[in-house]
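All values below were derived from every heavy atom in this structure, side-chain atoms included, with hydrogens, water molecules and symmetry-related copies excluded. Fair warning: this is a prediction, and the values are worked out from it, not measured in the lab.
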Amino acid sequence: MQTVTTTHIYLDEHGVAWITGANTKVIEVVLDKTAWGWSPEEIHEQHPHLSLAQIYAAFSYYYDHQAELDADIKRRDEEVEEMRKKAGESPIVRKLKELGKL
């Protein structure tokens with residue numbers, strides 16, 4: 001019997017997992033599932049440049065490295081929240097509050 005190997009995921013020089021030939025990070029596909037609740041088929045509809053095989057490979061990689069990727073997602077969320085706090089209230093929100101629309 002012949003063994004066939006397909007590789008849809010590669011790691012860049014920083015250890016970040018990417019979908020081969022798609023210019024898409026694995027974490028981006030995972031976030032589509034966790035943020036929007038999209039199925040692989042819905043992700044494919046939203047990102048037709050990704051094949052279902054690539055999407056399932058991204059999920060497979062995620063489940064094999066879930067703790068590491070979940071920690072990265074949490075770290076990124078914390079960084080965004082810190083930047084949001086440092087930036088303060090946006091001028092648009094301030095203006096809307098002044099107008100009594102918020």
Worksheet item: Is there a side-chain contact between Asp32 and Val29, using heavy atoms and a 4.5 Å cut-off?
Response: no
Discussion item. Test your reading of the model: is there a side-chain donor-acceptor pair from Gln54 to the backbone of Ala22, 3.5 Å cut-off?
Written reply: no
Worksheet item: Would Arg84 and Glu81 pass as an ion pair if we require N to O under 4.0 Å?
Response: yes
Worksheet entry | Side-chain (His65) to main-chain (Tyr61) donor-acceptor, under 3.5 angstrom | yes
Fill in: Non-hydrogen side-chain atoms of Ile9 and Trp18 separated by less than 4.5 Å
no
Discussion item. Between Thr24 and His49, is there a side-chain donor-acceptor contact under 3.5 Å, judged purely by atom types and distance?
Written reply: yes
Fill in: Same cluster (ILVMFWY, side-chain, under 4.5 Å), Tyr63 and Leu31
yes
Item to complete: Could you grab the distance from atom CD1 of Ile73 to atom CD of Glu78, nearest 0.5 Å is fine?
Response: 12.0 Å
Worksheet item: Just wondering, do Lys97 and Glu89 contact through their side chains at under 4.5 Å, heavy atoms?
Response: yes
Discussion item. Any heavy-atom pair between the side chains of Leu11 and Val16 that's under 4.5 Å?
Written reply: no
Discussion item. Check this for me: Asn23, atom CG, are more than 12 non-hydrogen atoms of other residues, nucleotides or ligands nearer than 6.0 Å?
Written reply: no
Fill in: Set of side-chain contact (heavy atoms from CB on, under 4.5 Å) partners for Glu79, sequence neighbours left out
Arg75
Discussion item. Quick check: do Asp70 and Lys74 have side-chain heavy atoms less than 4.5 Å from each other?
Written reply: no
Worksheet item: Looking only at heavy atoms, which two atoms of His47 and Trp38 are closest? And how far apart?
Response: NE2-CZ3, 4.3 Å
Worksheet item: Quick check: does any side chain N or O of His44 sit under 3.5 Å from a backbone N or O of Leu50, one acting as donor and the other as acceptor?
Response: yes
Worksheet item: Can you find a pair of side-chain heavy atoms, one from Phe59 and one from Ile43, that are under 4.5 Å apart?
Response: yes
Fill in: Polar side-chain atom of Ser60 near backbone of Tyr56 as donor-acceptor pair, under 3.5 Å
no
Fill in: Side chains of Ile19 and Lys25 in contact at under 4.5 Å (non-hydrogen atoms)
no
Discussion item. Would you say Tyr10 ends up clustered with Ile55 if hydrophobic residues are merged whenever their side chains have heavy atoms under 4.5 Å apart, either directly or through other cluster members?
Written reply: no
Discussion item. Is it the case that atom CD1 in Ile92 sees more than 12 heavy atoms from other parts of the structure closer than 6.0 Å?
Written reply: no
Fill in: Gly37 versus Glu42, closest heavy-atom pair with distance
O-OE1, 3.9 Å
